[in-house]
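Here is the structure we will look at, set down as structure tokens.
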Amino acid sequence: MRPETEAQLSEAIRDARAPLRIVGGGTRPVGADLSGAALHTGGLRGVSLYEPAALTLVVRAGTPLAEVGALIAAEGQRLPFEPVRWGPVLGAAGESTIGGVVAANVSGPRRIQAGACRDSLIGVRFDDGSGAVVKNGGRVMKNVTGYDLVKLMAGSWGTLGVLSELSFKLLPAPAEQATLILPDLDPAAAVPALSAALGAPYDVTGAGWLPGTGAMVRIEGLSESVSYRAGRLAVLLAPFGRVIEMRDGAAALWRDLGEVAPFHGATGDLWRFSVKPGDAPGIVARLGFPVVLDWGGGLIWALVPEGTDARALAAPFAGHATRMRGSGAGAFHPEPAPVAALSAGLRAQFDPRAILNPGRMG
Amino acid sequence: MQMPIPNAGVLARKAQIVARLRALLPADAVIDDPAETRAYECDALAAYSCAPLAVVLPRTTAEVAAALRLCHDEGVPVVPRGAGTSLAGGAMPSADAVVLGLARMNAVLEVDYDNRFIRVEAGRTNLSVTGAVEGEGWFYAPDPSSQLACAIAGNIAMNSGGAHCLKYGVTTNNLLGVTLVTMAGEVIEIGGPWCDAAGLDLLGVICGSEGQLGVVTEATLRILRAPEGARPVLIGFDSNEVAGACVADIIRAGVLPVAIEFMDRPCIRATEDFAHAGYPDCEALLIVEVEGSGAEIAEQLGLIRRIAERHSPVEFREATSEDEAKRIWLGRKSAFGAMGQINDYMCLDGTIPVSSLPHVLRRIGEMSAEFGLAVGNVFHAGDGNMHPLILYNANTRGDLERCEALGAEILKLCVEVGGCLTGEHGVGIEKRDLMGVQFAPADLEAQMRVKDVFDPHWLLNPAKVFPLAASAPRRTA
């Protein structure tokens with residue numbers, strides 16, 4: 001099935017007699033393998049509204065991410081949360097769609113400063129499991145009219161509804177960036193340095209650690225401001241080790257960080273931890289396997305031998321862990337019973353026949 | 001304002017319910033003397049009030065859970081209350097409801113600068129969250145106008161914004177986790193000092209649910225290091241359209257001010273008479289604030305000045321001292337008080353696409369003339385969150401109704417141009433019956449299903465948010 005209109009989407013869901021597997025670009029095969037008939041969203045494609053002066057974009061869910069990025073880049077704008085492709089690291093060919101980015105609430109390095117995908121998402125249209133069209137939010141930045149189902153849909157992995165249209169607030173792309181690199185730090189030593197940078201009044205928009213590169217701190221903005229803050233940060237970070245300032249070429253490093261490039265094509269299971277940043281050095285030590293750090297240490301990507309229960313190995317920690325690549329049950333973090341009951345209750349309400357990606361987040 | 005008929009069974013059992021609450025909670029935590037419950041009869045939407053059945057003021061999450069469990073078992077509706085500053089009637093009780101006030105739960109539980117969060121009890125006021133960390137140079141970003149009085153619990157319930165949310169976002173963008181007590185008395189931890197949800201984003205739907213899904217007793221909030229400095233400029237224009245165009249150009253230019261505030265002539269004049277801030281007498285006025293070091297501020301303001309000059313401003317006043325900065329903000333911060341000096345007023349809160357600003361301001365002017373009620377506009381222009389203030393006289397028969405009718409027309413206009421009914425105040429009882437203008441029945445049904453999951457018997461703040469007719473089958477089930 002490949003509906004091209006919202007009406008066709010509703011019909012496809014209404015007429016379904018068995019579970020459906022919702023497919024955008026197919027680049028995020030996380031969680032349980034699903035067996036249902038594929039419902040492709042790629043036919044729901046195109047921009048519904050783009051108002052650069054209002055920093056607003058409304059786009060249909062099946063539109064390729066690359067197309068969205070090119071459109072708004074031509075106006076000097078960008079999605080604040082720095083969406084990243086997971087296809088290369090998950091070994092999934094295909095072209096990421098904007099709907100898939102939302103369904104998985106995917107955010108890149110700038111998440112630490114500009115918020116997650118769900119924070120830039122200001123409106124949704126979706127079909128629930130009965131095929132009813134629901135809209136929530138809208139196209140304005142401040143909106144508290146009724147419950148915020150926009151946030152609920154972001155990161156729901158197609159289990160509450162099939163997204164058909166999305167509204168985002170955008171930001172102007174800054175004139176300049178500077179990246180400070182501390183090449184001599186290992187992951188454990190990087191976290192306090194990143195924390196110091198994020199705790200300074202210099203509006204850091206990226207803070208991570210890449211094997212072979214070291215700790216990385218990014219600032220963006222008007223040119224004089226970037227020079228000023230780069231200078232201050234270099235002084236602030238000097239006690240942690242050698243600091244190198246990089247202007248050109250840093251974009252590739254941040255892309256590598258967001259897309260977890262060091263683990264492309266590597267064998268083994270891939271885990272993604274979202275934790276209290278201060279817990280990261282301990283987790284990295286307990287894991288004892290290669291890692292990439294983002295979000296000041298709050299996001300840990302770990303490459304472990306196939307079948308390793310990295311969640312158990314890393315314990316105890318505050319936060320959650322998802323097995324991004326690898327097989328078996330328990331990819332998503334188990335929820336405490338009362339939270340699991342609420343989540344199950346919501347799924348039963350939005351998808352009473354349990355036909356939308358059933359079990360995907362199990 | 002229509003409210004449901006109170007549950008006669010609950011009213012008849014008042015003495016027994018109060019006695020059971022007293023048995024559970026400390027003696028001073030239960031109030032049922034009508035003289036003492038008077039303070040809880042309304043919130044900042046003072047045109048409407050109702051004496052509650054009783055008021056409970058717990059000191060711990062366990063006491064909150066005990067009170068809720070009891071009310072759940074007795075089938076008593078509960079109206080959660082932070083500081084009672086809702087402009088939408090979010091904390092207005094009904095005669096059969098127990099008001100659950102969080103004012104006594106105001107402790108700071110944990111401050112962690114390395115991991116950039118603070119955990120507080122939810123009755124703590126917004127400003128005192130910043131107060132707990134500003135000594136170390138940090139702050140909590142959302143800054144609703146009522147921040148001196150309003151509680152974090154209410155901020156979470158209404159997903160409150162503020163003047164500086166253009167850069168820093170609203171409550172939901174700064175909330176990391178909550179301790180939530182459900183109507184059944186279950187205590188649930190959701191989120192924490194890390195990024196994003198493990199599963200479904202329950203935190204995202206709890207924030208802004210107007211106290212209908214649970215009672216938040218503790219909150220983990222993101223704190224930020226305060227910028228090195230901030231400076232406002234005041235820019236006057238001789239037309240709303242030109243001011244609106246200037247806002248759009250500033251936003252597009254790549255400089256992101258922390259605030260862009262807009263005032264129109266009726267508002268400028270009223271505040272000038274009241275606060276004497278020295279504002280120019282012009283058609284429209286922008287206050288733009290930028291942050292950073294001295295040199296960064298100069299760089300941003302230089303760019304803003306070049307943009308503004310293309311629109312021939314009648315005034316461009318840059319604060320050169322702390323005192324001048326305060327004077328620039330003085331009028332804006334006094335605006336509501338100034339309008340209140342003239343008359344009673346109703347403050348609307350619709351959001352519009354910023355591109356529709358000139359059209360909407362023109363239409364509001366026309367409607368104001370039609371209804372014979374003055375309207376002043378002061379609002380957050382950067383994000384299109386309007387605050388039309390309709391002046392009326394509460395002592396004049398029919399004035400309030402006329403004011404509400406005009407308010408409804410203005411909000412319908414906001415929706416018509418692609419906006420929404422409320423940008424930061426919430427729906428409460430005030431905009432409840434207008435929800436059908438913005439939402440189709442299926443849209444409201446999807447939202448009510450969320451409440452069905454958290455509060456199956458619809459006992460928490462039940463007569464709010466949804467049109468009474470739409471929620472009736474659930475409330476009376």
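In what follows, every chain begins at residue 1, and chains take the letters A, B, ... in the order their sequences are listed.
If you measure heavy-atom distances from B/Thr172 to chain A, the contacts under 4.5 Å come from both the backbone and the side chain. In this structure, no portion of A/Pro174 lies under 4.5 Å from any heavy atom of chain B. For B/Glu424, the parts lying near chain A are the backbone and the side chain together; criterion is any non-hydrogen pair under 4.5 Å. For chain B, the nearby parts of A/Asp119 are the backbone and the side chain; heavy atoms of each come within less than 4.5 Å. For B/Pro193, the parts lying near chain A are the backbone and the side chain together; criterion is any non-hydrogen pair under 4.5 Å. Heavy-atom distances place the side chain of B/Ile188, and not its backbone, under 4.5 Å from chain A. Using a 4.5 Å cut-off between heavy atoms, B/Glu189 touches chain A through its backbone atoms (N, CA, C, O) alone. B/Val417 touches chain A through its backbone: at least one of N, CA, C or O sits under 4.5 Å from a heavy atom, while the side chain does not. Heavy atoms of A/Val339 lying under 4.5 Å from chain B belong to its backbone as well as its side chain. Proximity to chain A is absent for every atom of B/Tyr168, based on heavy atoms less than 4.5 angstrom apart. The contact between B/His380 and chain A is made entirely by side chain atoms (from C-beta outward), counting heavy-atom distances below 4.5 Å. For B/Cys165, the part sitting under 4.5 Å from any heavy atom of chain A is the side chain, from C-beta outward, and nothing else. Residue A/Val191: no heavy atom, backbone or side chain, is found under 4.5 Å from chain B. B/Val205 touches chain A through backbone and side chain together, each having a heavy atom under 4.5 Å away. Of the atoms belonging to B/Leu303, it is side-chain heavy atoms, and not backbone ones, that fall under 4.5 Å from chain A. When heavy atoms are compared at a cutoff of 4.5 Å, B/Ala226 approaches chain A solely by way of its backbone atoms N, CA, C and O. Both the backbone and the side chain of B/Asp196 come within contact range of chain A, each with at least one heavy atom under 4.5 Å from a heavy atom of that chain. Neither the backbone nor the side chain of B/Arg432 comes within contact range of chain A; no heavy atoms are under 4.5 Å apart.
Put simply, the side chain of B/Glu299 gets close to the backbone of A/Glu224: a donor and an acceptor are under 3.5 Å apart. Put simply, the side chain of A/Thr145 gets close to the backbone of B/Thr422: a donor and an acceptor are under 3.5 Å apart. A/Ser225 places no side-chain N or O within donor-acceptor distance of the main-chain N or O of B/Glu296, the cut-off being under 3.5 Å. Between the side chain of B/Asp383 and the backbone N or O of A/Met141 there is no donor-acceptor pair closer than 3.5 Å. Between the side chain of A/Ser343 and the backbone N or O of B/Leu200 there is no donor-acceptor pair closer than 3.5 Å.
Of the listed residues B/Gly419, B/Ser356, B/Gly137, B/Gly199, the one with more heavy-atom pairs under 4.5 angstrom with chain A than any other is B/Gly199. Contact tally against chain A (heavy-atom pairs below 4.5 Å) for B/Leu166, B/Ile352, B/Ile223, B/Asn385: the top residue is B/Asn385. The choice from B/Glu445, B/Glu210, B/Gln212, B/Met448 that makes the most heavy-atom pairs within less than 4.5 Å of chain A is B/Gln212. Heavy-atom pairs under 4.5 Å with chain A were tallied for B/Cys207, B/Gly418, B/Cys420; the largest tally goes to B/Cys420. Chain A forms more heavy-atom pairs under 4.5 Å with one residue of B/Ala198, B/Ala295, B/Ala442, B/Ala440 than with any other, namely B/Ala198. Your options are B/Val465, B/Leu444, B/Asp114, and the one with the most heavy-atom pairs under 4.5 Å with chain A is B/Asp114.
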Assess whether side chain to side chain contact (heavy atoms under 4.5 Å, CB included) is satisfied between A/Val144 and B/Met158, documenting all intermediate values. CA-CA 7 Å; A/Val144 296; B/Met158 293 311 199; over 6 Å; no
Checking B/Trp194 against A/Asp279 for the side chain to side chain contact (heavy atoms under 4.5 Å, CB included) test, could you report, in this order, the C-alpha distance in whole Å, the side-chain angles of both residues, the deciding distance, and whether it holds? CA-CA 10 Å; B/Trp194 53 82; A/Asp279 288 351; over 6 Å; no
Checking side chain to side chain contact (heavy atoms under 4.5 Å, CB included) for the pair B/Asn159/A/Lys151: CA distance, chi angles, key distance, verdict? CA-CA 13 Å; B/Asn159 189 14; A/Lys151 305 269 183 314; 5.7 Å; no
When you look at A/Glu335 and B/Leu202, which way does the side chain to side chain contact (heavy atoms under 4.5 Å, CB included) test go after all the steps? CA-CA 12 Å; A/Glu335 295 179 316; B/Leu202 302 182; 5.7 Å; no
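One distance of note links CG of A/Leu342 with CG of B/Leu180; it measures 8.0 Å at 0.5 Å rounding. Rounding to the nearest 0.5 Å places NZ of A/Lys142 at 7.5 Å from NE2 of B/His425. Rounding to the nearest 0.5 angstrom, the gap separating the CD1 atom in B/Ile251 from the CG atom in A/Leu171 is 10.5 Å. Between atom CG of residue A/Asp128 and atom CZ of residue B/Arg449 there is a gap of 5.5 Å, rounded to the nearest 0.5 Å.
Minimum interatomic distance between B/Glu228 and A/Pro201 (heavy atoms only, all atoms of both residues): CG-CG, 4.0 Å. Here the closest non-hydrogen pair linking A/Tyr147 and B/Gln447 is N-OE1, 3.0 Å. Between B/Gly204 and A/Arg118, the shortest heavy-atom distance links the atoms CA-NH2, 3.6 Å.
In the model, B/Ser355 has a side-chain atom that pairs as donor or acceptor with a side-chain atom of A/Glu51 under 3.5 Å.
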